[in-house]
Amino acid sequence: KSLTRCKDIDPVVPTTPLLTFLERVQETALSTFGERHLDPKLYVDLSLKFSLSTTEKAFHGLPRSENGTVSIKDLEGFLAMYFQGAGEDVLYFDPPDFLPEPDGFLDKVKNPEVRAWALEVHSLWKNLSRRVSDEVRKQPELHTLLPLPAPVIVPGSRFREVYYWDSYWVIRGLLASKMYDTAKAIVTNLISLVNVYGYALNGSRAYYTNRSQPPLLSAMVYEIYNRTGEMELVKKALPELLKEHQFWDSEVHKVTIQDAQGRNHTLSRYYAMWNKPRPESSTIDKKSASKFLNVSEKQQFYRELASAAESGWDFSTRWMRNSSEFTTLATTSVLPVDLNVFILKMELDIAFLAKETGEESIAESFLEASQARKRAINSVFWSEKMGQWLDYWLTTGTTCQESQTWNARNQNQNVFASNFFPLWIDLFNSDATLVETIMRSLRSSGLICAAGIATSLTNSGQQWDFPNGWAPLQHIIVEGLAKSGSQEARSLAEDIAVRWIRTNYVGYKKTGAMHEKYNVEKCGEFGGGGEYVPQTGFGWSNGVVLAFLEEFGWPQDQRIDC
Ligand SMILES: OC[C@H]1O[C@H](O[C@H]2O[C@H](CO)[C@@H](O)[C@H](O)[C@H]2O)[C@H](O)[C@@H](O)[C@@H]1O
């Protein structure tokens, strides 16, 4: 019973000669400068001043010691002579739709301290606004940065390029900031990536072409259309959304599960088209994979690493068969709740947007697809016992040839914030009894902490685990609760939002920056763990604070300190 045939179960997107070379420079930097303070991403973000062959020749001509090491002085000299600094090909761009205090900005924020801070967060859009330099378009072979047609908002710090799923929360913030043109520009860029590659890339770099990220393009289009009513963007987006849906609903991404009643359900998984170290973290990945001696085991591990990066949760015990052993990473063997929620949202959005543009048959078929995915989410992920939707472990390796028979034992019983994501979708949050059950389960889950919702309950040292809290996770759960129509759920949503706003505010006052992630155990402290030092800026954190303040406001007499 061969239900979902894959053309190719080991897809690999070809790399570029520039990337291959920059990875060698990265490797050399590691042996010259040492592991401490080395961010491998920096080296694959460099652009060349001269042709690749000239630069390679100079690199090979560098004096080397007997064991092949280049001295600090020689390497620094080579880098200064032949490369432009990372980020020099992304230029500051003054967003024309930015106003220091737009009309009607966060009307419900009455407390002057909070209002002043919200205006500072709003002004951070100017710091994060960029455009791709014309040089990239003229000589793309010298850059790993990809050309984009419109200006961008970057997350910040080491993340000097556009990121796919970050953009959704950036847009939510931009809409609160009334920066509609900037929001539309972001979507225009993502549409162009889908047009060229068939999917939205993890980010706008050559080394991100082998994978996507949590698919939220339809949700971005939906939000912008809701605010602006602009049909042109919808018409431009629709064909690309259909392409993106096809990407996630076919080939290696699609898995069929047969339930106890013999009904087949199709769901999607993350599956990067890559089986080598991630170029931006190549030195780190090689070290992690060093325990595998067999080539195909190594390749599979590299695929699991890249697939975890595709999930946006890089890295987390969510993808590990054994939570204390990183090499048991098995992302492609997981059917993730959140990915399927995002695709369900995509199906509903496409149905809605197609109806708006008069494409009745597309609307109808996507409505049907959404009903099927809702049934699949309930049949495969729902756990009556836990009152949550649980990720599902696939049993028979990673091929996509056969349907697998559902077994309750394959549901991952560990608690993750993503177990509550279906609540974000109206099909679920409109069911009052279900909302009651979910609230009870969330309250007793252990995830709600002093400063927000934890990513998981496992303190693994990975950044997508306890005690880190991430803006997107807070937002999806809070918005799901708030949209449900239950007063009690709205109060819980507001309670979580207040905790999150406070920690962002106090952290900002202490450090002068917005952070990529926060420690939910300690109000005002940013998060840690993972493979790079904590970053500031920060696109999605700014977006979520502004979106929360827009939704809930902040009364005059409510305290903002921890
Ligand atoms: O360089 C390591 C990894 O960095 C990115 O992941 C993290 O930052 C992204 C931007 O904010 C965010 O979207 C992601 O959820 C974070 O985990 C990048 O996306 C990875 O592909 C990359 O390997």
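In this chain, numbering begins with 1 at the start of the sequence shown. When a ligand or atom number is given, it counts from 1 through the structure's own listing order. Values below: every heavy atom of this structure, side chains too, minus hydrogens, waters and symmetry copies.
When only non-hydrogen protein atoms are considered, atom 21 (O) of ligand 1 lies nearest to Asn202 OD1, 2.7 Å. Closest to atom 2 (C) of ligand 1 among all protein heavy atoms lies Glu531 OE2, 3.1 Å. Scanning the protein heavy atoms around atom 1 (O) of ligand 1, the nearest turns out to be Arg158 NH1, 2.9 Å. In this structure, atom 10 (C) of ligand 1 lies nearest to the protein heavy atom Asp166 OD2, 3.2 Å. For atom 15 (O) of ligand 1, the nearest protein heavy atom (residue, atom name, distance) is Gly312 O, 2.6 Å. Of the protein's non-hydrogen atoms, the one nearest atom 22 (C) of ligand 1 is Glu280 OE2, 3.3 Å.
Between Lys41 and ligand 1, not a single N/O pair is under 3.5 Å apart. Checked by distance only, ligand 1 and Glu516 stay at 3.5 Å or farther apart across all their nitrogen or oxygen atoms. An N or O contact shorter than 3.5 Å is missing between Tyr163 and ligand 1 by distance. Geometrically, ligand 1 and Phe159 share no nitrogen or oxygen pair separated by less than 3.5 Å. Polar contact with ligand 1: absent for Trp540 (N/O pair, distance under 3.5 Å).
Counting heavy atoms under 4.0 Å from ligand 1, residue Tyr532 touches it through the side chain alone. Heavy atoms of Gln213 found under 4.0 angstrom from ligand 1 belong exclusively to the side chain. Residue contacts with ligand 1 for Phe538 involve side-chain atoms from C-beta outward but no N, CA, C or O (heavy atoms, distance under 4.0 Å). Heavy atoms from both the backbone and the side chain of Asp314 come within less than 4.0 Å of ligand 1.
Atom numbering of ligand 1 starts at 1 in the shown order; those under 4.0 Å from a heavy atom of Tyr208 are 18 (C), 21 (O), 22 (C). Remark: ligand 1 atoms within the under-4.0 Å shell around heavy atoms of Gln463 are 17 (O). Near Arg211, meaning under 4.0 Å from any of its heavy atoms, are these atoms of ligand 1: 21 (O), 23 (O).
Not one N or O on the side chain of Lys286 forms a donor-acceptor pair closer than 3.5 Å with the backbone of Pro277. With hydrogens and angles disregarded, no donor-acceptor distance shorter than 3.5 Å links the side chain of Ser418 to the backbone of Val337. Asn542 contributes a side-chain N or O that, together with a main-chain N or O of Gly537, makes up a donor-acceptor pair within less than 3.5 Å. Side-chain atoms of Asn195 never come within 3.5 Å of backbone atoms of Ile191 as a donor-acceptor pair (strictly under, hydrogens ignored). A distance-only check finds no donor-acceptor pair linking the side chain of Thr536 to the backbone of Met514 [under 3.5 Å].
Here salt bridge (charged side-chain N to carboxylate O under 4.0 Å, His left out) pairs that include residues 208-226, with residues two or more places apart or in two chains, are Arg172-Glu223, Arg211-Glu280. Annotation: ring-ring contact (aromatic ring centres under 6.0 Å, His included) contacts involving residues 172-214, sequence neighbours excluded, comprise Tyr163-Tyr208, Tyr199-Phe247.
Distances shorter than 4.0 angstrom do not occur between any heavy atom of Gln535 and any atom of ligand 1. Heavy atoms of Trp313 come nearer than 4.0 angstrom to ligand 1 in no pair at all.
No side-chain donor-acceptor contact under 3.5 Å links Thr283 and Glu27.
For the pair Glu161 and Leu145, the minimum side-chain heavy-atom distance is below 4.5 Å. Val295 is listed as a side-chain neighbour of Gln299, based on a closest heavy-atom distance under 4.5 Å.
Under a cutoff of 6.0 Å and an axis angle of 45°, Lys345 and Tyr222 form a cation-pi pair. Seen from the ring of Phe59, Arg24 does not count as a face-on cation partner, given the 6.0 Å and 45° thresholds.
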